[in-house]
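Since the structure comes first, as structure tokens, the remarks are kept for the end.
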Amino acid sequence: MMEARFETAFLKGLKKHASIRKLVKNKVDMILENPISMGEPLKGNWQGFYSCPVKRNFIIIYLFCEICR
């Protein structure tokens with residue numbers, strides 16, 4: 001199974017917006033299950049990263065490494 005690591009800012013944001021905690025957990029579980037199909041590949045300086053919407057004004061940006069998996 002894939003390992004998830006979270007930035008401190010992500011965890012702080014999740015505490016601040018506790019009302020969407022369950023939505024975020026569900027999205028993270030879905031991303032861990034199928035990271036490429038869940039996210040939209042980013043470009044430019046963010047190449048290699050993906051974004052996945054959680055709710056209006058909230059997105060998860062993550063890095064998926066095929067080799068590390």
Side-chain angles (χ1 to χ4, degrees):
M1 179 160 188
M2 193 172 4
E3 178 185 346
R5 296 183 192 168
F6 301 98
E7 291 283 332
T8 304
F10 176 84
L11 297 174
K12 282 183 181 178
L14 200 54
K15 281 185 181 178
K16 184 178 176 182
H17 300 282
S19 62
I20 63 162
R21 188 176 294 144
K22 193 170 187 172
L23 289 172
V24 171
K25 184 190 179 325
N26 289 342
K27 280 289 183 174
V28 169
D29 289 344
M30 292 167 73
I31 291 168
L32 289 173
E33 201 170 296
N34 203 344
I36 294 176
S37 71
M38 281 304 300
E40 183 73 28
L42 300 176
K43 298 174 183 170
N45 292 340
W46 290 92
Q47 189 169 3
F49 288 83
Y50 294 82
S51 69
C52 182
V54 175
K55 192 176 178 183
R56 187 173 177 209
N57 297 332
F58 291 96
I59 61 169
I60 295 172
I61 296 177
Y62 62 96
L63 177 64
F64 171 69
C65 176
E66 190 92 39
I67 297 167
C68 304
R69 187 172 183 174

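Quick caveat, the model's predicted, so the values are computed rather than measured.
When every heavy atom of L63 is checked against every heavy atom of G48, the shortest pair comes out as CD1-O, 3.2 Å. Residue L14 comes nearest to R21 through the heavy atom pair O-NH2, 3.8 Å, listed as atom of the first residue, atom of the second, then distance. The two residues I59 and P53 have their closest heavy-atom pair at CG2-CA, 3.9 Å.
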**Message:** I'd like to know whether M38 forms a side chain to side chain contact (heavy atoms under 4.5 Å, CB included) with E33, so could you lay out the CA-CA distance, the side-chain angles of the two residues, the decisive distance to 0.1 Å, and finally the verdict.
**Reply:** CA-CA 9 Å; M38 281 304 300; E33 201 170 296; over 6 Å; no
**Message:** Please evaluate residues I61 and F10 with respect to the criterion side chain to side chain contact (heavy atoms under 4.5 Å, CB included), reporting the C-alpha separation (whole Å), side-chain torsions for both, the decisive distance (0.1 Å), and the verdict.
**Reply:** CA-CA 10 Å; I61 296 177; F10 176 84; over 6 Å; no
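Aromatic ring orientation, F64 versus Y50: perpendicular (interplanar angle above 60°, classes split at 30° and 60°).
Heavy atoms of other residues, nucleotides or ligands lying less than 6.0 angstrom from CG of N45 number 12 at most.
Proximity of a side-chain donor or acceptor of Y62 to a complementary backbone N or O of P35 within less than 3.5 Å is detected.
Linking ILVMFWY side-chain heavy atoms closer than 4.5 Å, directly or via other members, places F49 and I60 in two distinct hydrophobic clusters. In the hydrophobic clustering of ILVMFWY residues, with side-chain heavy atoms under 4.5 Å counting as a link, I31 and L23 come out together.
Contacts of K55 classified as salt bridge (Lys or Arg N to Asp or Glu O under 4.0 Å), with partners at least two apart in sequence or in another chain: none. Under the side chain to side chain contact (heavy atoms under 4.5 Å, CB included) criterion, A4 pairs with F6, L32, not counting sequence neighbours.
K15 NZ to K12 NZ: the interatomic distance, rounded to the nearest 0.5 Å, is 9.0 Å.
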